[in-house]
Structure formats: C-alpha cells, structure tokens
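Here is the structure we will look at.
As the structure is a computational prediction, the values presented were derived from the model and not from experiment. Below, read A as the first sequence line, B as the second, and so on, with proteins coming before strands; counting in each chain starts at 1.
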2 protein chains.
Amino acid sequence: MSLPPAAPESDPPGPGTQTRPGRLQMADIARIAGVSVATVSRALNGSTEVSAATRQRITELARSLNYTINISAKNLRLRHNRTVAVVIPYDRQTRLHVSDPFFLSMLGSLADALTDRGYDMLVSRIDADQLENASLSYDSGTALGIILIGQWHSHDQLNRLADQGVPLVVWGAQLPQQRYCSVGGDNLGGGRLATRHLIERGCRRFVFLGDPTTPESALRLRGHQHELAEAGLEPEACRVLAVGFDAARARTEVGRLLEQGVDFDAVVACSDVLATAVVPVLRLHGREVPRDVAVVGYDDIEWASHADPPLTTVRQPVARAGIEMVEALLERVAGRDAPPRTLPVELVVRQSSMR
Amino acid sequence: MSLPPAAPESDPPGPGTQTRPGRLQMADIARIAGVSVATVSRALNGSTEVSAATRQRITELARSLNYTINISAKNLRLRHNRTVAVVIPYDRQTRLHVSDPFFLSMLGSLADALTDRGYDMLVSRIDADQLENASLSYDSGTALGIILIGQWHSHDQLNRLADQGVPLVVWGAQLPQQRYCSVGGDNLGGGRLATRHLIERGCRRFVFLGDPTTPESALRLRGHQHELAEAGLEPEACRVLAVGFDAARARTEVGRLLEQGVDFDAVVACSDVLATAVVPVLRLHGREVPRDVAVVGYDDIEWASHADPPLTTVRQPVARAGIEMVEALLERVAGRDAPPRTLPVELVVRQSSMR
DNA sequence: ATGAAAGCGCTAACAT
DNA sequence: ATGTTAGCGCTTTCAT
C-alpha cells in the first residue's frame with residue numbers, strides 16, 4: 001500500500017460525524033516538505049524564526065495541498081476559544097419571537113460584530129421558559145460566553161447564571177438587582193418619544209399594544225404614561241392591550257375594541273409588526289390612518305418604510321447593539337466588570353402619524 | 001440591518017480569548033472522587049462498565065462542582081465534529097438579501113433542524129461576490145460541512161468548492177452541470193402557479209419583478225412565460241423589471257412605468273417584500289389592488305397575511321427546507337451522494353389577487 | 001534556523 | 001469494575 005508512512009491504524013470512518021478520513025495534517029506537510037512539524041507550525045504561523053525561504057515554500061505547499069489546520073487541536077494546545085454562543089429564545093406556543101424581523105436582524109448585526117473581531121458565532125434556540133439552559137454551550141466548553149437575545153420573564157434565572165460565573169450579556173432592559181450585563185434600547189425614552197409626538201399631533205385617546213409583563217414593554221408603557229401625565233391627560237386615556245408580540249392577536253383585540261365602539265385616535269405599538277398588522281383592521285372599520293387614527297411602531301425594521309402608510313416608529317440602533325453586546329461580553333470574559341448599557345433610540349416620523 | 005462587515009481585523013489575540021483559568025477538569029474530579037480519570041470519563045459518558053454507585057457519585061460530584069467537559073479535547077480525541085457552518089451571503093451594495101425575512105426565517109429553520117439532531121450551528125456572513133470563501137470554516141476544521149443560503153451567481157465557484165471535496169449544500173435552483181448539492185423550491189412550478197392563477201383571474205398584461213440573472217428568479221420567469229404561451233399570450237404580455245431584491249428600486253421602477261402610461265393588470269414578484277412594497281405606489285397612481293392590478297408575491301413570509309391587502313403568494317416550505325438541507329449535508333459528510341432536492345411549493349390565495 | 005520532545009484534556013484499548 | 005497507558009494534532013520550550 002502506498003499510504004503515507006506511519007499510516008494510522010485502520011480507523012473505520014464511522015457515521016456522519018467522523019472527521020473526514022485521510023485528512024492532511026501537519027505531519028504530512030512536514031514529511032513532504034522534508035522538515036519537522038515544528039517548522040511547519042512556525043512557518044504557517046508566520047514566525048520569523050524560520051527562514052523566509054522555507055516559510056514561503058511551506059506556505060505555498062500547504063496552500064496547494066489544500067491543507068487546513070485542525071482547530072480543536074490548536075485550541076486545546078493554546079487553551080483558546082474564539083466561539084461566542086448567541087441564544088435566541090422562542091416562545092413555545094407562538095414561536096413568534098424569533099420570526100420577528102427585529103430579532104433576526106439583531107442576529108445579523110451580531111454576526112457582523114463577531115466576524116469583525118475574529119470570533120465565531122454559534123447560534124442556538126431555546127425555550128423562552130427555560131432560559132437557564134442558555135449556558136449549555138458555555139458549560140460544555142464550546143463557547144467562551146453567551147449572548148442572549150431577549151430577557152423575557154427570566155430575570156431571576158439570568159441572575160443565577162451570572163452568579164455561576166457564566167459570561168453573559170442579555171439584550172433587554174436594565175433592571176434593579178441585576179447581576180448580569182444587559183444591553184438595550186432606551187425603552188422609557190422610546191415610549192416617551194412616541195407618545196409626545198402623538199400628543200403633539202393632537203391625539204388624546206390611546207391604545208397601547210405590547211406585552212407589559214416583559215421588562216422592555218413595561219418600560220415603554222411607563223414612558224407612555226409619563227408623557228400622558230405630563231400633558232395633563234388621565235391614565236384612562238390609554239387602553240392597554242396585552243397582545244404579546246402576536247400580530248394576529250393584536251388584530252383580533254383591536255377589532256374587538258372597534259366593534260365595542262371604543263373610540264381612540266392613536267395606537268402605540270411595541271413592534272413594527274404589531275403596528276402594521278393593525279392598520280388593515282382600522283381601515284376595515286372605516287378608520288383612515290393617519291387621519292382618524294395615528295399609528296406609531298417600534299424598532300424601525302427595514303419593512304417599516306415600505307408599509308402603507310410608511311410607518312412612524314422608534315428606531316432601535318441594531319448595528320450599534322451588536323457591537324455593544326460583543327464588547328460587553330468580551331469584557332466579562334476577560335473577567336472585567338461590564339456595566340449595563342442603554343442605547344439611545346430615535347423617533348422616525350413617517351406618514352402613519354401625520355394627521 | 002447592520003453595516004457590511006469590515007475587513008476582518010488581524011485578530012488581536014487579546015486577553016478575552018483565553019480559556020478561563022482554573023477551570024475544573026477531569027483530573028480534578030478524579031482526584032476529589034478518589035478514582036482515575038478513566039473512571040470519571042466512563043461515568044460521565046454513562047458507560048455501564050462502571051458500577052452504578054460510582055457512576056452516580058461521580059455524576060453528582062461533577063454537577064455540584066459545576067464541571068463541564070472540554071469539547072475541543074473531546075473532539076480531538078474522538079476525531080469528531082458536530083458543528084455545521086451556515087453561511088449567509090450579503091450583497092455588498094444593497095445588503096438586502098440577508099435582511100429579507102425569508103432568508104432570516106430559513107436561518108431559524110436550520111437552527112431547529114440542527115439542534116434537533118444535536119449539531120451546533122455556526123453562522124457567518126460573507127460577500128455574495130466571494131462565495132468561494134464560504135468554505136473557510138470547513139477548511140479551518142471548525143465545521144464538518146457548509147450550508148449556504150443562496151447560490152446567487154456563483155455556480156462556478158460552488159462547483160469548484162465541491163470539487164475540492166467540501167461537503168456543501170446550497171439553497172437554490174438545480175442547475176445543469178451541478179456538482180454540489182442544492183436544495184430549493186420548485187421555482188419553475190412556482191412561476192407557473194402564480195401566473196396561471198392570475199390568468200384565471202383575467203389578467204393579461206404582466207409586470208415581473210425579480211433578478212432574472214439569478215437561477216431561482218430565472219426559473220420563475222420561465223415558468224411565468226411558459227404559462228403565458230400556454231394561454232396563447234404573446235411574450236410581450238410580460239414586462240420584466242430587473243430590480244434584484246431591492247424594494248426601493250422596485251417602487252421606483254414601477255412608479256416610472258406608471259408615469260410612462262404603461263398599462264398592466266398584474267404584478268408577479270419574486271419575493272413578498274417586493275410585492276408588498278409596490279402596492280402603495282400603485283395606489284398613489286390611482287390603481288386599486290386587486291381591482292385594477294392583481295399582485296402575487298413569493299415565499300409566504302409570515303408578514304404576507306398581515307399585509308394590506310393580504311398577499312397572495314407562492315409558499316416556500318421553510319421548515320421542510322431546513323430539515324432537507326441538514327439531511328443532505330449529513331449525507332455528503334458521510335461520503336455518500338446527495339442528489340439535489342426540489343421541494344414542492346404551493347399557491348396561497350389571499351385578497352391581493354382576487355379581482 | 002531547525003528539530004526533538006513534552007503536553008493541552010480527553011477517550012479507549014488493554015491490562016488487572 | 002477500575003487503573004494504566006497511549007495517543008488525537010497541534011504549539012512551544014529547549015537543544016542543537
């Protein structure tokens with residue numbers, strides 16, 4: 001047989017997960033180049049200890065043979081890890097969370113931020129009711145830290161993870177008694193911006209769409225109520241519809257409200273999806289947007305500007321968010337403290353509120 | 001969405017990347033338990049060779065000490081790898097592709113399919129013009145194979161990758177001379193379904209929105225033209241607007257058409273985003289949807305049913321797609337042949353076409 | 001400038 | 001049932 005000398009014992013290449021057999025390794029390159037593995041290693045890592053000539057020769061040889069290094073071995077030896085786990089919670093019932101374009105675009109933003117810094121992004125989904133499992137890929141040594149997109153109702157579990165020393169960054173609101181690092185938009189400010197704008201446009205009777213049991217929506221609602229009070233409006237000026245992030249449910253609830261003859265002239269939604277979903281229902285009941293009812297969304301997903309009418313919304317700085325979360329995580333991994341970060345949001349005025 | 005990734009910095013091997021020091025390892029557990037590492041290994045892996053008593057004792061000890069195994073070491077030893085790389089191309093100019101909800105939901109579907117099978121999903125973004133770089137994480141030994149979401153214009157590069165032996169599955173059209181495995185919707189059939197339906201609704205003058213230079217759109221267009229011919233219509237009955245996947249551009253082009261006085265009674269779009277984006281422009285020019293112009297989209301993203309009017313569209317089986325791609329990839333990884341797969345699509349009729 | 005050799009944390013023969 | 005031992009593929013002293 002013309003196998004390479006010192007051929008490994010016949011290792012029956014098992015099913016699926018086996019590393020491809022006969023894969024070139026450093027020893028092969030070394031043998032072919034007539035040098036030692038040490039030299040190959042140094043050459044491939046651009047060490048100046050090898051002569052420029054051999055370095056080039058080896059580099060080219062490796063390239064031409066399509067050799068690539070084994071990361072597991074390298075990581076083991078170096079005790080390194082450059083993988084970050086990004087965990088996306090999903091709602092067991094609706095599964096809606098992850099299909100919301102906002103969270104998906106956050107994923108893109110994180111992918112960019114991590115790629116730029118030379119980190120790998122490992123994505124996993126997890127039941128939103130069991131966020132304590134989020135640390136799995138950290139525990140198993142696969143990832144050096146966890147970025148969680150959405151804190152939901154899991155404040156306590158997340159605190160527990162942090163207490164266990166899991167490097168953890170969560171997209172969400174900054175809460176009291178918080179021992180993990182959160183990065184989030186300025187929800188209070190966002191709620192205020194949207195509401196103030198609507199009040200300025202003459203709106204007086206509001207419908208609030210969201211999930212006030214989650215910290216983010218709760219803060220937005222507080223911002224909303226704050227502005228109401230500031231304008232001298234009664235709290236009853238706002239009717240809160242707890243529809244979660246479920247567009248279908250938002251339509252049903254708003255439809256019911258209209259059938260009941262409840263009157264309102266503004267909708268404040270906790271996502272652009274909710275906001276745009278509700279427009280056709282309003283039309284169906286003879287309410288023109290923005291003439292009769294002004295609508296403001298949240299997130300400024302790409303879609304918002306193409307909606308009909310183009311949607312006024314509170315823009316969350318997605319690209320910035322990815323960068324901030326990654327930076328915060330790397331701080332935590334380095335053992336340094338990473339204070340929560342609140343990112344500024346911005347009102348983008350389009351037609352849906354211009355009455 | 002986020003900014004295009006800057007050129008990856010030559011990684012500053014900052015502190016952050018070091019495996020946490022003082023991390024427990026098997027030897028520690030062994031010492032504390034008063035057994036050998038081999039026994040610990042066996043116990044933790046549930047081998048029946050260790051007595052049930054010690055197995056339980058060790059398992060509990062490890063748990064209580066918060067010990068977790070080092071995956072790199074395990075993988076190295078086992079010559080295993082359970083990581084699949086999912087690569088999302090982005091268009092350097094528009095960056096629209098990846099922000100299209102369809103591709104993002106595909107990501108979710110893949111995450112599910114991989115998680116179910118115990119594989120990790122590594123996500124990276126890559127310039128659509130340089131798909132040959134898609135194999136990076138395979139080359140580096142990080143991933144056992146590559147799933148690429150979208151083939152774009154890169155047929156040749158993909159063939160080259162396949163020739164190099166990279167286990168590769170691509171979401172896209174099945175092409176002649178194809179040496180990689182593709183999984184895709186039935187684009188020809190989808191184009192036919194949409195068109196036949198519109199013809200049945202009495203439409204005779206069509207606008208086709210898409211990027212006919214990509215295989216997928218090209219097939220849909222062929223399906224479209226096929227049905228036109230079948231119905232005895234001239235090829236001129238269809239005006240093709242090559243707008244890519246760019247919603248803004250679609251609006252501009254359709255607006256221009258209307259201003260030129262070009263008349264048409266149907267729009268066939270290659271994505272739901274394009275289809276819904278165009279509706280407001282039609283309205284602006286006094287065309288009611290569906291009364292004056294019927295509109296059909298493609299993909300059936302969640303959003304489609306909430307659009308105004310609810311969008312008739314060709315549904316792509318996203319959940320199925322994730323499963324099929326993963327299965328095909330595992331076949332390739334196992335060294336077996338994986339023929340291209342074409343998944344059935346389905347017309348979902350909603351209001352936008354009911355005239 | 002290059003090589004020999006040790007060992008990263010784990011698993012699996014092969015003992016016992 | 002448990003321990004001993006030999007590596008997995010790499011990097012890095014320490015020699016030469």
| field | B:Gln56, CD atom: more than 12 neighbouring heavy atoms under 6.0 Å | value |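 Incorrect, the count does not exceed 12.
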Separation of atom [atom1] in [X] from atom [atom2] in [N], rounded to whole Å:
{"X": "A:Ile29", "N": "D:dG9", "atom1": "CD1", "atom2": "P", "result": "13 Å"}
{"X": "A:Ile58", "N": "D:dT11", "atom1": "CD1", "atom2": "P", "result": "13 Å"}
{"X": "A:Ile71", "N": "D:dC10", "atom1": "CD1", "atom2": "C1'", "result": "11 Å"}
{"X": "A:Leu44", "N": "D:dT12", "atom1": "CG", "atom2": "P", "result": "13 Å"}
{"X": "B:Leu76", "N": "D:dA6", "atom1": "CG", "atom2": "P", "result": "18 Å"}
{"X": "A:Gln25", "N": "D:dG7", "atom1": "CD", "atom2": "P", "result": "14 Å"}
{"X": "B:Arg79", "N": "D:dG9", "atom1": "CZ", "atom2": "C1'", "result": "9 Å"}

| Do A:Glu60 and A:Ser64 have a side chain donor and acceptor closer than 3.5 Å? | no
Results of side-chain hydrogen bond (donor to acceptor under 3.5 Å, both in side chains) for [X] - residues two or more places apart only:
{"X": "B:Ser109", "result": "none"}
{"X": "B:Thr83", "result": "none"}
{"X": "B:Asp127", "result": "B:Arg92"}
{"X": "A:Ser51", "result": "A:Thr54"}

| task | For B:Val35 and for B:Arg77, locate the closest nucleotide of DNA chain D by heavy-atom distance; then report the residue assigned to the nucleotide nearer the 5' terminus. | result | B:Val35
In chain order, what residues pass the salt bridge (charged side-chain N to carboxylate O under 4.0 Å, His left out) check against [X], with sequence neighbours excluded?
{"X": "B:Arg179", "answer": "B:Asp163"}
{"X": "B:Arg341", "answer": "B:Glu324, B:Glu327"}
{"X": "A:Arg57", "answer": "none"}
{"X": "B:Asp337", "answer": "none"}

| What are the residues of residues 45-57 of chain B, sorted by number, that bring a heavy atom to within less than 4.0 Å of DNA chain D? |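 Correct list: B:Glu49, B:Val50, B:Ser51, B:Thr54.
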| task | Compute the bend angle of the helix from C:dA1-D:dT16 to C:dT16-D:dA1 from the end axes (five pairs per end), rounded to 10°. | result | 40°
| Are any of B:Thr39's side-chain N or O atoms less than 4.0 Å away from OP1 or OP2 of D:dG3? |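 Affirmative; the distance criterion is met.
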Just distance, no hydrogens or angles: give the donor-acceptor pairs under 3.5 Å from side chains in residues 38-49 of chain B, sequence neighbours left out.
from, atom 1, to, atom 2, distance (Å)
B:Thr39, OG1, B:Ser36, OG, 3.2
B:Asn45, ND2, B:Ser41, O, 2.9
B:Ser47, OG, B:Glu49, N, 2.9

| Boundaries of the DNA chain C segment in contact with chain A, non-hydrogen, under 4.0 Å |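 Contacts span C:dA1 to C:dG9, reading 5' to 3'.
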| query | Quick one: the side chain of B:Arg42 and the base of D:dG3, do they pair up donor-acceptor inside 3.5 Å? | reply |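 Checked by distance alone, the answer is yes.
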